[in-house]
Amino acid sequence: TLAIENTLATFQCEMAVETLNDSLYDLVLQLPPDWQMRTVTDQNNNVRKWRSSSKESEIVVEPAAPISAGGLFSIRTTFTRTIKDPTTQQTLSLPVITPAEALVVGGTYQVSAARDLTISPVEIQGLAPAGDDDGTLLFETQGTLYSGKLAVERKPVRLASRSVLRSWMDTRQKTVDAVITVDITNGTTRTLRLTLPEDLGEDIRFTVDSISQVPGFEQQQVPSSVSITEQTAADPVDGQRTFSLTFDKRFAGAVTIKAFVQQPRTEETQLSTPFAKVASAVRQHGLIVFEASPEQQLTPATDDLSATGVKPADAGLVEPPPETTGRRTALVYRFIQPDYSLQINETRYDTEAVPSAVCEQIANVSVLGDTGSLQRS
């Protein structure tokens, strides 16, 4: 069996050796070149002794006791090796183990790979295809010598994104709260590139909020958690800045990333619509939410939204701000492409203090204890 996971290949060979004319005291195995041997065990998973042979890439395996003529000796050998990143196609020769002074009379060869890899047999000789079991290639051998190669390549990653971008500003500062969910619907990735407005600055810190199954893709192997190990900011281009995020592992699934940006406010009375673009995403949609305080009125700078790339949406699609903030949901827009542009005008009204409640009755009771403690209700 040959299994390929990312850049690690694991080869395991199980063989049952039948002795014929004489007892078997040791078995000489010709090992595959460029592979590192890990273990030699028997059918009960007990470690078997072995020693190096006088020839390169040969070992001698010793049974626990001599195997008499007509007996069986079963062993399992495990090897590993690394390959280059299969983002570009890699070629791997099929590893083969040859027992000395033995005739191979039959067997199977199985080749499997991670779900984000594609494996293609090349120049296969001595192996007959026996089917495909959920991505595992099956071959049979009838005792002939066999060889071949595999072309290993990573499946192209397919991305889509869903975003909720909230904005508000008070008398001192303006805030953008971005929640971006990136769906990896094909292949895996370890990097993401996000583009945000340049005026948000380069000190934005992104965090992973959660990772889960992409809706409708229940067969994905989604890790329990991922984290961002590195992020870099590129120089701005045309008023936009791209951030590159590197994660601790390759993964598939729906990862939700958050960014919270607060900046000092100047005297401007317009608020630009924020955006968050995911590089190479085939579909990007979401909601833009503007929140306002009671003394604020927010209106779009244009009456014709057809050229802005956004459409009005129902405020019921988003959670309202926490009551403790004193803000309300003022405007909600939907976008189906990340290239949009809209300015929001602010009108601020003077406020006057008004009673928030009227107390019709109150009773105060104070009790002074012998120890000097005072209780009030």
Side-chain angles (χ1 to χ4, degrees), residues 1-17 24-64 67 73-102 104 107-127 133 135-141 144-155 188 190 221 223 229 248-251:
T1 61
L2 174 61
I4 304 172
E5 183 78 28
N6 199 15
T7 58
L8 178 66
T10 302
F11 175 55
Q12 190 174 86
C13 178
E14 301 180 17
M15 60 176 66
V17 182
L24 177 68
Y25 297 92
D26 50 39
L27 180 66
V28 179
L29 297 178
Q30 179 70 41
L31 307 183
D34 303 325
W35 286 77
Q36 183 175 0
M37 190 171 69
R38 294 300 182 184
T39 59
V40 179
T41 58
D42 58 19
Q43 69 271 24
N44 297 320
N45 211 30
N46 297 317
V47 177
R48 290 267 58 86
K49 291 183 179 180
W50 63 273
R51 65 180 186 276
S52 299
S53 172
S54 57
K55 296 182 181 180
E56 187 179 0
S57 297
E58 272 190 0
I59 64 170
V60 179
V61 180
E62 303 175 4
I67 308 299
F73 177 44
S74 298
I75 63 169
R76 179 190 296 116
T77 52
T78 304
F79 303 82
T80 59
R81 66 163 294 180
T82 57
I83 61 175
K84 293 182 179 180
D85 190 344
T87 300
T88 57
Q89 188 180 90
Q90 304 296 318
T91 301
L92 177 66
S93 296
L94 288 180
V96 177
I97 291 184
T98 306
E101 299 181 357
V104 180
T108 61
Y109 205 115
Q110 300 181 16
V111 181
S112 63
R115 289 183 178 270
D116 63 334
L117 298 179
T118 299
I119 50 176
S120 305
V122 181
E123 302 175 3
I124 298 295
Q125 296 180 351
L127 293 174
D133 182 13
T136 298
L137 302 180
L138 306 177
F139 300 92
E140 291 182 348
T141 175
T144 57
L145 295 177
Y146 53 89
S147 63
K149 296 180 180 180
L150 293 175
V152 185
E153 190 171 12
R154 198 178 300 282
K155 295 178 181 178
T188 60
R190 196 184 171 191
Q221 296 179 349
T229 58
D248 59 342
K249 61 174 74 74
R250 298 192 68 89
F251 66 95

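The structure places NZ of Lys149 at 7.0 Å from OG1 of Thr91, a figure rounded to the nearest 0.5 Å. Of the inter-residue distances, the one linking Leu8 atom CG with Thr10 atom OG1 reads 4.5 Å to the nearest 0.5 angstrom. Taken from CZ in Phe73 to CD1 in Ile75, the straight-line distance is 5.0 Å, to the nearest 0.5 Å. Taking CD from Gln110 and OG1 from Thr136, the interatomic distance works out to 6.5 Å, rounded to the nearest 0.5 Å. Here the straight-line distance linking atom OG of Ser53 with atom CG of Asp26 works out to 9.5 Å at 0.5 Å rounding. Put simply, OG1 on Thr80 and CD on Gln36 are 5.0 Å apart, with the number rounded to the nearest 0.5 Å.
Annotation: side chain of Glu153 is not in contact with side chain of Pro86 (no heavy-atom distance under 4.5 Å). At a threshold of 4.5 Å between non-hydrogen side-chain atoms, the residues Phe11 and Ile97 count as touching. Side-chain atoms of Asn6 and Leu117, non-hydrogen and from C-beta on, never get closer than 4.5 Å to each other. At a threshold of 4.5 Å between non-hydrogen side-chain atoms, the residues Val17 and Ile67 do not count as touching. A heavy-atom distance below 4.5 Å is found between the side chains of Phe79 and Leu31. Within the 4.5 Å cutoff, side-chain heavy atoms of Leu137 are placed close to those of Ile119. At a threshold of 4.5 Å between non-hydrogen side-chain atoms, the residues Ile59 and Met37 count as touching. Using a 4.5 Å heavy-atom threshold, the side chains of Pro32 and Val96 count as separate.
Counted within 6.0 Å of CD on Glu5, heavy atoms from surrounding residues, nucleotides or ligands total 12 or fewer; the atom is thus considered open. Within a 6.0 Å radius of NZ in Lys84, no more than 12 heavy atoms belonging to other residues, nucleotides or ligands are found. More than 12 heavy atoms of other shown residues, nucleotides or ligands fall within 6.0 angstrom of atom NZ in Lys155.
Closest non-hydrogen pair, Leu24 versus Pro63, comes out as O-CG, 4.2 Å. When every heavy atom of Thr141 is checked against every heavy atom of Thr108, the shortest pair comes out as CG2-N, 4.4 Å.
No hydrogens or angles considered: a donor-acceptor pair under 3.5 Å links the side chains of Thr188 and Arg250. The closest side-chain donor-acceptor pair between Gln90 and Thr88 falls under 3.5 angstrom.
Listed by chain and number, the residues in a side chain to side chain donor-acceptor pair (under 3.5 Å) with Gln30 amount to none (sequence neighbours excluded). Listed by chain and residue number, Arg81 satisfy the side chain to side chain contact (heavy atoms under 4.5 Å, CB included) test with Asp34 (two or more places apart in sequence, or in another chain). Judged as a side chain to side chain donor-acceptor pair (under 3.5 Å), and not counting sequence neighbours, Glu123 has no contacts.
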Exercise. Given the rule in the side-chain contact (heavy atoms from CB on, under 4.5 Å) test, do Thr98 and Val104 qualify, once you have shown the distances and angles that lead to the verdict?
Worked result: CA-CA 9 Å; Thr98 306; Val104 180; over 6 Å; no

For this session: Tell me, with the steps shown, if Leu150 and Val122 meet side-chain contact (heavy atoms from CB on, under 4.5 Å).
Result: CA-CA 5 Å; Leu150 293 175; Val122 181; over 6 Å; no

For this session: Take Leu27 and Val60 through the test side-chain contact (heavy atoms from CB on, under 4.5 Å) and record every step on the way to the result.
Result: CA-CA 6 Å; Leu27 180 66; Val60 179; over 6 Å; no

For this session: Please assess Val61 against Leu29 for the test side-chain contact (heavy atoms from CB on, under 4.5 Å), listing each intermediate value before the final yes or no.
Result: CA-CA 8 Å; Val61 180; Leu29 297 178; 4.0 Å; yes

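Remark: the backbone N or O of Thr87 is paired with a side-chain donor or acceptor of Asp85 at under 3.5 angstrom. Proximity of a side-chain donor or acceptor of Arg76 to a complementary backbone N or O of Thr41 within less than 3.5 Å is not detected.
Salt bridge Arg48/Glu62: absent, no basic N to carboxylate O contact under 4.0 Å. A salt bridge is absent between Asp248 and Arg190; no separation between the charged side-chain nitrogens and carboxylate oxygens falls under 4.0 Å.
Ring-plane geometry between Tyr109 and Tyr146 is classed as perpendicular, the angle between the planes exceeding 60 degrees on a 0 to 90 degree scale with a lower cut at 30.
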